[in-house]
Amino acid sequence: MRKRQQAQNEEISTVSQAPGGNQRPNTCCFCWCCCCSCSWNEERGEQAGRPTHTTKMENIQVEEECQTPTAEEILSWSHNFDKMMKSPAGRNLFREFLRTEYSEENLLFWLACEDLKNEQNKKIVEDTARNIYEDYISILSPKEVSLDSRVREVINRNLLDPTPHMYEDAQLQIYTLMHRDSFPRFLNSQVYKSLLESTEGSITES
């Protein structure tokens, strides 16, 4: 534990700049913003003894309920990533593939952002936004997604006043990454081909 705390302190050693140009010391290990103005530590203190990562984060760990896709639908995914991502069955299958590549967190992050965008309650928005940050943005998280520095800076500013759409830039960046990097391999994977063949086979037999 002592080594981990020491590594965290060394990792978060930079000093953030305030809007007026004043330096803000003692950066927070989770949001990289000023600890004295950020409500993150206060909320963590208030939540001590209570479970973290509530419903929103837990829900996306479970595969979505969906109907069995048709052979035509499965085949159409190979030509349209957007269509596959709009289908619960398509997302479940893609998620199964991402799990084999140890990159399931990309889809989980995207799904969490979709949930956040549909939330209206300000308190839930704030809690969910911070849970998403801790799970997928923090450099201390084992499920950290790959984002460039510009997007991270935007997120850090937005975290001071969370909104349902605060992760849109990051969500688009991860969506593009999945489309360009993971999706072509998914189409050539046994996960996709096996489902397509089994569905086509059932149609031929009938």
Engineer: Rounded at 0.5 Å granularity, tell me how far CD1 in Ile155 sits from OG in Ser138.
Structural biologist: 11.5 Å
Engineer: Rounded to the nearest 0.5 Å, what separation is found between the OG atom of Ser87 and the CD atom of Glu73?
Structural biologist: 4.5 Å
Engineer: Under 3.5 Å, side chain of Gln173 to main-chain N/O of Asp148, donor-acceptor pair present?
Structural biologist: yes
Engineer: Is a donor on one side and an acceptor on the other found under 3.5 Å between the side chain of Gln171 and the backbone of Trp110?
Structural biologist: yes
Engineer: Apply salt bridge (charged side-chain N to carboxylate O under 4.0 Å, His left out) to residues Arg99 and Glu96 and explain how you reach the verdict.
Structural biologist: CA-CA 5 Å; Arg99 196 177 294 126; Glu96 181 182 344; over 6 Å; no
Engineer: Roughly how far, to the nearest 0.5 Å, is the NZ atom of Lys193 from the CG atom of Asn188?
Structural biologist: 5.0 Å
Engineer: Ignoring hydrogens and geometry beyond distance, is a side-chain donor-acceptor pair present between Glu119 and Thr128 at under 3.5 Å?
Structural biologist: no
Engineer: Are Phe97 and Arg185 close enough that some pair of their side-chain heavy atoms sits under 4.5 Å apart?
Structural biologist: yes
Engineer: If I compare all heavy atoms of Lys83 with all of Asn80, which pair ends up nearest, and what's the gap?
Structural biologist: N-OD1, 2.9 Å
Engineer: Between Asn158 and His165, is there a side-chain heavy-atom distance shorter than 4.5 Å?
Structural biologist: no
Engineer: Would you mind reporting whether Leu177 and Val145 have side-chain heavy atoms less than 4.5 Å apart?
Structural biologist: no
Engineer: Please evaluate residues Arg152 and Glu144 with respect to the criterion salt bridge (charged side-chain N to carboxylate O under 4.0 Å, His left out), reporting the C-alpha separation (whole Å), side-chain torsions for both, the decisive distance (0.1 Å), and the verdict.
Structural biologist: CA-CA 12 Å; Arg152 286 184 174 275; Glu144 178 192 7; 2.5 Å; yes
Engineer: Verify, without hydrogens or angle tests, whether Tyr167 (side chain) and Ala129 (backbone) share a donor-acceptor contact under 3.5 angstrom.
Structural biologist: yes
Engineer: Thinking salt bridges, do Glu153 and Arg150 make one under a 4.0 Å N-O criterion?
Structural biologist: no
Engineer: Do Val191 and Leu107 share a hydrophobic cluster, counting only Ile, Leu, Val, Met, Phe, Trp and Tyr and linking them when any side-chain heavy atoms are less than 4.5 Å apart?
Structural biologist: yes
Engineer: Do Leu116 and Val125 come close enough that some side-chain heavy atom pair is under 4.5 Å?
Structural biologist: yes
Engineer: Without hydrogens or angle criteria, can the side chains of Gln190 and Ser194 be said to hold a donor-acceptor pair below 3.5 Å?
Structural biologist: yes
Engineer: Evaluate Tyr192 against Ile74 for side-chain contact (heavy atoms from CB on, under 4.5 Å), listing each step before the verdict.
Structural biologist: CA-CA 8 Å; Tyr192 176 72; Ile74 297 171; 3.6 Å; yes
Engineer: Using a 3.5 Å distance criterion without hydrogens, assess whether the side chain of Arg95 forms a donor-acceptor pair with backbone atoms of Leu108.
Structural biologist: no
Engineer: If you take all heavy atoms of Ser141 and Glu134, which pair is closest and at what distance?
Structural biologist: CB-O, 3.3 Å
Engineer: What distance do Met84 atom CE and Arg91 atom CZ have between them, rounded to the nearest 0.5 Å?
Structural biologist: 9.5 Å
Engineer: Does a side-chain heavy-atom distance below 4.5 Å link Trp77 with Pro69?
Structural biologist: yes
Engineer: Nearest 0.5 Å, please: how far is SG in Cys113 from CG in Asn118?
Structural biologist: 11.5 Å
Engineer: Following the transitive rule for hydrophobic clusters with a side-chain heavy-atom cut-off under 4.5 Å over Ile, Leu, Val, Met, Phe, Trp and Tyr, establish whether Leu111 and Leu172 coincide in one cluster.
Structural biologist: no
Engineer: Just how far is it from atom CG of Asp181 to atom CG of Asn106, taken to the nearest 0.5 Å?
Structural biologist: 8.5 Å
Engineer: List the residues meeting ring-ring contact (aromatic ring centres under 6.0 Å, His included) with Phe81, not counting sequence neighbours, and say none if there are none.
Structural biologist: Phe94, Tyr175, His179, Phe183
Engineer: Under 4.5 Å between side-chain heavy atoms, counting indirect links through other Ile/Leu/Val/Met/Phe/Trp/Tyr residues: same cluster for Val154 and Ile174 or not?
Structural biologist: no
Engineer: Passes salt bridge (charged side-chain N to carboxylate O under 4.0 Å, His left out), Asp82 versus Lys86? Steps please.
Structural biologist: CA-CA 6 Å; Asp82 295 336; Lys86 290 177 181 177; over 6 Å; no
Engineer: Are side-chain heavy atoms of Asp135 and Phe109 found at a separation under 4.5 Å?
Structural biologist: no
Engineer: Can you tell if the side chain of Asp161 reaches within under 4.5 Å of the side chain of Met166, non-hydrogen atoms only?
Structural biologist: no
Engineer: Would you say that Ile137 contacts Asn156 through its side chain, given a criterion of any heavy-atom pair below 4.5 Å between the two side chains?
Structural biologist: no
Engineer: Do Glu126 and Lys122 pass the salt bridge (charged side-chain N to carboxylate O under 4.0 Å, His left out) test, and can you show the C-alpha distance, the side-chain angles, and the key distance before you say yes or no?
Structural biologist: CA-CA 6 Å; Glu126 291 176 352; Lys122 183 173 177 61; 3.6 Å; yes
